[in-house]
Enquirer: 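There's a structure below that I have some questions on.
Predicted model only: the values in this text are computed from it and were never measured. Counting begins at 1 with the first residue of the sequence. Start at 1 and go down the list; that is how both ligands and their atoms are numbered.
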Amino acid sequence: MNNKMRLEKALLVLVCLTALAIFGQDWLLRETVVLEPHSQSNVRLYGDAIAGGATQTQLLENPDGALQWRCDLNAGNPYPYCGMEIFLTQSRSQGLDMSDYRTVRLWLDYEGTNKSVRVFLRNFDPRYSTVSDNISTKYNQVEFAASSPQGFYELSFGDFFVANWWLREKDIPPNLSHPQFDNLVSIEIQSGSTHRLGEQNFTLHRIELIGQRYGTADWYLAIIIVWALLVLVFLLYRVLRLTGELRERKRREQELIEVNALLDSRSRELETLAKTDSLTGAFNRQGIEEAVKQGLWEWRHSRKPFSIVMMDVDHFKAVNDQYGHAAGDLVLTKISALVHEHIRATDLFARWGGEEFVLVCRNTRMNYAEHVARKLKDLIAQQDFAEIGRVTASFGVASLKGGEGVDALFKAADKALYLAKERGRNRVEVAPR
Ligand SMILES: Nc1nc2c(ncn2[C@@H]2O[C@H](COP(=O)(O)OP(=O)(O)OP(=O)(O)O)[C@@H](O)[C@H]2O)c(=O)[nH]1
């Protein structure tokens, strides 16, 4: 599996997980607080005595272990009531934060003269509550019809409202008059607001408070953060990978450059070797080809003068015969080195064959070529060739004329050289202009 496919698969898995996190949020984040109030601890039974009534509430033995109580509503108070309060924590001021909760479920059996039951979720807030005053905690209230003796009731937090009598009595400002569940200290179950006199029987089996572990906004923020982190990690990984690939590519390019440079220099060496005379180090016939073409082109296109000097060592056979072939070689090598020392960088010196040489002078007039030839003639004549002593050479100079080709130029130079030989050697002859 290649990287692209792997990435696509990972992306698909992440998208599925995100969809699950969004659409399955209820199920994933669901948190349930279960109260099974069979013990008497943390439970308070009450009647309307504090409101001037005479209703008494009694705890009863229940064979199933449920919390059972009864009361007789009597006419001592115009609005008689009785009820039971379960405290959610030991502290009276520090309750449970249920602001992200949505539902309360009750398994409650009721038999009595009233048609309804009231449930209060009591919230402590120091802005209106004190520990010493039990009714100072907020009465988030809902009332529901409890017509059948055995029942299961699901009450939504959205249906709770704050009891009006409490708002009035505690003089609560409007900004605090909304239902609040961020610090629930107790839950109360009370007889209904019809206040009908007579016996009331309650059996509470179980209470469930159902909500979310985290708020929806926090949950979405967490999903966004996870995505942002994953994108960051992915980008970091890509950057590191690309940097590595770039480094590797550069390394390979550098290797290639080095190999090419090596091949270039080698092929240049071979090229030079192919164009060079092995004995004298001067160019050979192939070596002058380019310079001659260039000279011809310059003459034709820019009218730049183009001259050549043919040179031939005098009586060279005699040198060979008298001092040996090796000595003859040495003479050729020395003459070649001497000429090289005294010509311009643009002049090209080549061995034409045997003891004959040619100097190709681009952008050079006849006069200057003649001047160079005379200078070389004198230099050679003055050179000391060890046991051989003095050696001379003859020169033929020619310049390209309008309409002429290279062939004619070389023939003219050759003719001039021949003339130099004929006229006594160690001299320079110039082809007719
Ligand atoms: N040592 C040596 N001799 C060479 C080489 N190439 C040609 N020669 C000799 O050069 C001599 C040329 O002799 P010739 O053509 O008769 O001319 P020359 O003796 O120089 O007489 P002129 O040119 O008339 O002055 C021959 O003896 C060739 O063998 C070489 O590479 N090395």
Enquirer: Would you tell me which option among Gly353, Gly324, Gly354 has the nearest heavy-atom contact to atom 6 (N) of ligand 1?
Expert: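 The option holding the nearest heavy atom is Gly354.
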Enquirer: Could an N or O of ligand 1 be found under 3.5 Å from any N or O of Gly328, whether backbone or side chain?
Expert: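 By distance alone, the answer is no.
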Enquirer: I'd like the name of whichever of Lys317, Glu355, His325, Lys421 reaches closest to atom 26 (C) of ligand 1 through any heavy atom.
Expert: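 Looking at heavy atoms only, Lys317 sits closest to atom 26 (C) of ligand 1.
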Enquirer: If you measure every N or O of Val313 against every N or O of ligand 1, does any of those distances drop under 3.5 Å?
Expert: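 Between Val313 and ligand 1, an N or O pair is found under 3.5 Å apart.
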Enquirer: Which heavy-atom pair separates Arg118 from Tyr81 by the least distance, and what is that distance?
Expert: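 Between these two residues, the closest heavy atoms are NH2-CB, 4.1 Å.
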Enquirer: Do any N/O atoms on Arg425 end up under 3.5 angstrom from N/O atoms on ligand 1?
Expert: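 Yes; the residue has a nitrogen or oxygen that sits under 3.5 Å from a nitrogen or oxygen of the ligand.
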Enquirer: What are the atoms of ligand 1, with element, lying closer than 4.0 Å to any heavy atom of Asn320?
Expert: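 Going through ligand 1 atom by atom, the ones under 4.0 Å from Asn320 are 1 (N), 2 (C), 3 (N), 4 (C), 8 (N), 9 (C), 10 (O), 27 (O).
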Enquirer: In terms of ring plane angle, is the pair Trp219 and Tyr214 parallel, tilted or perpendicular, where the classes change at 30° and 60°?
Expert: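 Answer is parallel, since the angle falls under 30°.
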Enquirer: Roughly how far apart are Ile335 CD1 and Ile380 CD1, rounded to 0.5 Å?
Expert: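 Answer for the CD1-CD1 pair, Ile335 versus Ile380, is 5.0 Å.
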Enquirer: Identify the closest protein heavy atom to atom 25 (O) of ligand 1: which residue and atom is it, and at what distance?
Expert: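 Protein heavy atom at minimum distance: His315 N, 2.7 Å.
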Enquirer: Just jot down the ligand 1 atoms closer than 4.0 angstrom to any heavy atom of Asp312, in number order.
Expert: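 Numbered from 1, ligand 1 contributes 23 (O).
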Enquirer: State yes or no: are the ring centers of Phe120 and Trp166 separated by less than 6.0 Å?
Expert: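 No, too far apart.
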Enquirer: Salt bridge check: are Arg249 and Glu253 linked by an N-O gap of less than 4.0 Å?
Expert: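 Salt bridge between Arg249 and Glu253, a charged N being under 4.0 Å from a carboxylate O: no.
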Enquirer: Could you list the atoms of ligand 1 found under 4.0 angstrom from a heavy atom of Arg351?
Expert: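 Counting from 1, the qualifying ligand atoms are 5 (C), 6 (N), 30 (C), 31 (O).
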Enquirer: In terms of residue, atom name and distance, what is the protein heavy atom nearest to atom 32 (N) of ligand 1?
Expert: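 The answer is Asp329 OD1, 2.7 Å.
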Enquirer: Would you confirm whether the ring centroid of Trp352 sits within less than 6.0 angstrom of the ring centroid of Phe357?
Expert: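 No: the rings miss the under 6.0 Å criterion.
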Enquirer: Who's closest to atom 4 (C) of ligand 1 heavy-atom-wise, of Tyr418, Phe316, Tyr323?
Expert: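 The residue whose heavy atom sits nearest atom 4 (C) of ligand 1 is Phe316.
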Enquirer: Has the side chain of Gln180 got a donor or acceptor atom that lies under 3.5 Å from a matching backbone atom of Asn123?
Expert: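 Not confirmed, Gln180 side chain does not pair with Asn123 backbone.
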Enquirer: Can you see which heavy atom on Lys421 is nearest to which on Val313, and at what distance?
Expert: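 Heavy-atom minimum between the residues: NZ-O, 3.2 Å.
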Enquirer: Enumerate the atoms of ligand 1 whose separation from the nearest heavy atom of Asp314 is less than 4.0 angstrom.
Expert: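 Answer, ordered by atom number: 25 (O).
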